[in-house]
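This report concerns only the one structure given below.
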Amino acid sequence: MSNEEIVSTNFIQNIINEDLKTGKHGQRVHTRFPPEPNGYLHIGHAKSICLNFGTAKEYQGMCNLRFDDTNPSKEDVEYVDSIQEDVKWLGFSWDDRMFYASGYFDKLYECGVELIKKGKAFVCDLTADQMREYRGTLTEPGKESPYRNRSIEENLDLFTRMKNGEFADGSRVLRAKIDMASPNINLRDPIIYRILRAKHHRTGDTWCIYPMYDYAHPISDAIEGITHSICTLEFEDHRPLYDWVLEALGFEDRPQQIEFARLNLTNTVMSKRHLRALVEEGKVSGWDDPRMPTISGLRRRGYTPESILDFCERIGIAKSNSTVEVAMLEHCIREDLNAKAYRGMAVLRPLKIVIVNYPEGQTEELEAENNPNDEAAGSRKVLFSRELYIEQEDFMEDAPKKYFRLTPNQEVRLKFAYIIKCEEVIKDEAGNIVEVRCSYDPESKSGGATSGRKIKGTLHWVSAQHAVKSTVRLYDYLFINDNPEDENSYVLNPNSLETLTDCLVEPSLAEAAPGTRYQFLRQGYFVADAVEHTKEKPVFNRVVGLRDSWAKAQK
RNA sequence: UGGGGUAUCGCCAAGCGGUAAGGCAUCGGACUCUGACUCCGACAUCCUAGGUUCGAAUCCUAGUACCCCAGCCA
């Protein structure tokens with residue numbers, strides 16, 4: 001049996017495999033997902049979550065959740081709560097390993113003292129502007145700070161007093177003493193501690209000095225025994241500093257930083273700055289607006305965690321900057337929901353149909369399968385009667401060739417029911433079609449012995465007296481262009497949300513529990529809105545439309 | 001003009017010297033009581049130019065393009 005699957009590996013797995021072979025980290029694989037709690041997680045974070053938690057799982061290793069909360073001026077508990085919820089929702093578990101960089105503040109401070117004692121850090125009094133001047137440029141080396149050669153004693157004293165709050169915000173910093181002439185700007189005596197009087201969401205007012213990312217991150221990783229510290233490309237030239245910190249402090253079995261390309265999606269912005277602006281400027285209803293690429297937005301939209309994991313699996317991991325087409329994401333949710341979602345009939349833009357030869361007052365219960373791709377899903381009853389509604393676009397007086405729907409001279413089948421024929425078109429004074437009178441073929445009942453006539457078109461419908469009026473929101477991309485992250489392409493789609501309030505859905509759909517997903521036959525996948533949907537006033541969000549080769553052919 | 005990266009089909013992405021995986025998209029066609037699903041079929045010689053080799057996307061040389069870095073942000 002040689003049914004060996006061809007399994008593609010990514011470069012990070014290659015590195016880990018090599019490390020396992022050489023025993024670099026003693027056969028351990030320990031990763032971490034380190035979000036800064038200053039915003040909501042988005043689909044790009046999902047890529048990182050899948051990478052970190054997923055890789056750890058594959059190698060029977062562990063993955064920690066660690067909040068990188070070293071800048072209290074931007075962070076908040078609201079975000080730490082939402083982040084935990086989102087990671088859990090995606091299906092990952094950090095067990096008892098949820099940490100905070102702020103949990104290491106004491107240790108981080110001690111390390112600062114140690115660096116000073118080793119002559120590898122100094123307190124600098126330069127102002128921010130001076131610091132910038134001394135830093136040099138991309139092509140010219142920087143100059144050493146006049147405070148660079150303070151004695152260890154003086155540095156120790158000053159650092160202690162910085163911590164004790166004796167100095168004003170921004171008046172002094174602790175700097176690593178590396179190399180002002182380095183072609184890598186990150187190594188030009190980078191700041192590792194700054195004075196900042198801001199209430200921290202966890203440590204409150206305990207500290208008035210806070211460590212910088214480049215300093216806190218490697219130490220946090222080392223403390224937790226992380227083996228592979230995966231981050232995005234822009235930190236690539238921070239790696240020498242990451243390594244410097246660990247080396248200078250003498251950590252053994254040092255974690256290694258590995259960088260991969262962050263996710264970009266067409267017609268989507270991913271930067272926190274842009275996402276925050278959308279929320280704050282009221283362009284969307286909040287972080288969980290169904291049009292947002294946030295995890296909470298996708299959840300509200302009706303995406304399943306499985307579809308998101310599948311998406312992350314498909315897009316792969318590499319180091320080249322890339323932008324994945326949203327079509328890929330949409331494919332993933334369609335595939336998942338096609339298998340899982342029960343079908344239902346909902347008429348979004350109703351057109352009244354009266355079956356003239358159907359007895360007034362009569363109703364019939366018809367058998368309707370819940371999912372043609374899953375027999376186990378069973379069936380339900382739908383009610384048929386003399387007055388029905390179909391989709392406005394499913395009737396045309398002057399239809400183009402290949403229009404398979406109802407026309408004055410073309411029959412159609414009503415799904416699960418009968419074949420009908422148009423007998424008369426009723427219009428209002430303005431000439432709008434307000435009703436179509438039809439006749440039905442009693443012999444054509446679905447499932448019946450004489451139902452075999454082949455009819456090209458099949459329409460979904462609802463019974464007028466039984467249907468429940470509903471609100472349906474149709475979503476489209478938030479942005480018109482492929483790459484709205486580019487300033488010149490940042491153009492909001494004015495039609496990203498269309499709210500239909502006169503939709504009619506079959507009774508079973510109105511009964512849906514909030515959060516339940518359906519396929520509305522011939523329309524797409526929809527979810528009963530998690531917060532607004534009620535049986536009395538149903539509200540559905542369109543997750544994604546069905547593929548529509550007819551619409552495509554029309555263009 | 002400094003440093004760090006990346007370049008394989010429209011979009012992702014395998015490939016690690018032995019003769020270009022896969023997915024998405026697209027285009028044909030079959031099937032269909034969802035114009036859905038499913039199924040069949042089509043779809044690249046690897047940034048450029050040299051070189052090494054029996055053989056190169058993979059090695060060497062020289063270019064080119066794009067991305068990131070001068071926050072007391074992460």
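Computed over heavy atoms, backbone and side chain alike; hydrogens, waters and symmetry mates excluded. Throughout, protein chains are lettered first and strands after them, A, B, ... in sequence-line order, and every chain is numbered starting at 1.
- The gap from the C1' atom of B:rC60 to that of B:rC72 amounts to 46 Å, rounded to the nearest Å.
- Rounded to whole Å, the separation between the C1' atoms of B:rC40 and B:rG17 comes to 36 Å.
- Using N1 to N3 plus N6-O4 or O6-N4 for Watson-Crick, or N1-O2 and O6-N3 for G-U wobble, each under 3.5 Å, B:rU53 pairs with nothing.
- Across residues 319-327 of chain A, A:Lys319, A:Ser320, A:Asn321, A:Ser322, A:Thr323, A:Val324, A:Glu325, A:Ala327 each have a non-hydrogen atom less than 4.0 Å from an atom of RNA chain B (numbered order).
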Item checked: Footprint string (nucleotides 69-74 of chain B, 5' to 3'): B base within contact, S backbone only, - free, heavy atoms under 4.0 Å -> BBSBSB

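- Nucleotide B:rA74 forms no Watson-Crick or G-U wobble pair with any nucleotide shown, as no partner meets the under 3.5 Å limit on both distances.
- Using a 4.0 Å cut-off between a side-chain N of Lys or Arg and a carboxylate O of Asp or Glu, A:Glu411 and A:Arg453 qualify as a salt bridge.
- Comment: A:Arg314 engages A:Glu335 in a salt bridge, judged by a side-chain N to carboxylate O separation of less than 4.0 angstrom.
- Here, B:rA30 and B:rA36 have their P atoms 13 Å apart, quoted to the whole Å.
- With a cut-off of 3.5 Å on both Watson-Crick or G-U wobble distances, the partner of B:rA21 is given as none.
- Looking at A:Arg135 and A:Asp189, no side-chain N of the basic residue comes within less than 4.0 Å of a carboxylate O on the acidic one, giving no salt bridge.
- Straight-line distance between the P atoms of B:rA49 and B:rU58: roughly 13 Å, to the nearest whole Å.
- Atoms CD1 (A:Ile178) and C1' (B:rG3) sit 15 Å apart, rounded to a whole Å.
- For the pair A:Phe11 CZ and B:rA7 C1', the interatomic distance rounds to 15 Å; values are reported in whole Å.
- Residue A:Ile419 is classed as having no contact, given no heavy-atom separation below 4.0 Å to the nucleic acid.
- The glycosidic torsion of B:rG50 lies more than 90° away from 0, which places this base in the anti conformation.
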Next item on the list: Could you please spell out the steps behind the side chain to side chain donor-acceptor pair (under 3.5 Å) verdict for A:Arg262 and A:His45?
Entry: CA-CA 9 Å; A:Arg262 60 159 17 104; A:His45 291 108; over 6 Å; no

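- When rounded to the nearest whole Å, the span between NE2 of A:His331 and C1' of B:rU26 equals 14 Å.
- Nucleotide B:rC27: paired with B:rG41 (Watson-Crick or G-U wobble, both distances less than 3.5 Å).
- Looking at A:Arg32 and A:Asp68, no side-chain N of the basic residue comes within less than 4.0 Å of a carboxylate O on the acidic one, giving no salt bridge.
- Comparing the same atom, P, in B:rG10 and in B:rA44 gives a spacing of 10 Å after rounding to whole Å.
- Of the options A:Tyr193, A:Tyr109, A:Phe105, a ring pair (Phe, Tyr, Trp, His ring centres under 6.0 Å) to A:Tyr210 is made by A:Phe105 and by none of the others.
- Nucleotides B:rC16 and B:rA20 have their C1' atoms positioned 14 Å apart, rounded to a whole Å.
- A:Glu391 has no carboxylate O lying under 4.0 Å from a charged side-chain N of A:Arg522, or vice versa, which leaves the two without a salt bridge.
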Notebook entry, point to check: What string of B, S and - do you get for nucleotides 34-47 of chain B, 5' to 3', if B is base contact, S is sugar-phosphate-only contact and - is no contact with any protein heavy atom under 4.0 Å?
Noted result: BBSS----------

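- As judged by a 4.0 angstrom heavy-atom cut-off over every strand, A:Gly447 is placed among the base-contacting residues.
- Side chain of A:Asn17 to main chain of A:Gln13: a donor-acceptor pair is present (N/O by atom type, distance under 3.5 Å, no hydrogens or angles).
- In this structure, CG of A:Leu233 is placed 19 Å from P of B:rG3, rounded to the nearest angstrom.
- Separating the C1' atom of B:rU61 from that of B:rU52 is a span of 11 Å, rounded to the nearest Å.
- Ring centroid separation for the pair A:Phe540 and A:Phe526 does not come in under the 6.0 Å cut-off.
- The pair A:Glu369-A:Arg343 fails the salt-bridge criterion, with no side-chain N (NZ, NE, NH1 or NH2) lying under 4.0 Å from an Asp/Glu carboxylate O.
- Side chains of A:Glu364 and A:Tyr418: a donor on one and an acceptor on the other come within 3.5 Å.
- A distance below 6.0 Å separates the ring centres of A:His217 and A:Tyr213.
- The partner of B:rU32, taking Watson-Crick or G-U wobble pairs whose two distances both stay under 3.5 Å, does not exist in any strand shown.
- Straight-line distance between the C1' atoms of B:rC31 and B:rA13: roughly 32 Å, to the nearest whole Å.
- Distance A:Asp243 CG to B:rG4 C1': 14 Å, rounded to the nearest Å.
- For the pair A:Lys340 and A:Asp336, the salt-bridge criterion is met [side-chain N within less than 4.0 Å of a carboxylate O].
- Regarding A:Asn14, its CG atom lies at a distance of 15 Å from the C1' atom of B:rU58, rounded to whole Å.
- Remark: B:rA7 base-pairs with B:rU64. Criterion, Watson-Crick or G-U wobble with two distances under 3.5 Å.
- Here B:rG3 presents its C1' atom at 12 Å from CD of A:Glu236, a figure rounded to the nearest Å.
- Nucleotide B:rC66 holds its P atom 15 Å from the CG atom of A:Asn483, rounded to whole Å.
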Next item on the list: In sequence, state the C-alpha distance, the side-chain angles, and the governing distance for A:Asp69 and A:Ser102, and then conclude on side chain to side chain donor-acceptor pair (under 3.5 Å).
Entry: CA-CA 6 Å; A:Asp69 56 350; A:Ser102 58; 2.6 Å; yes

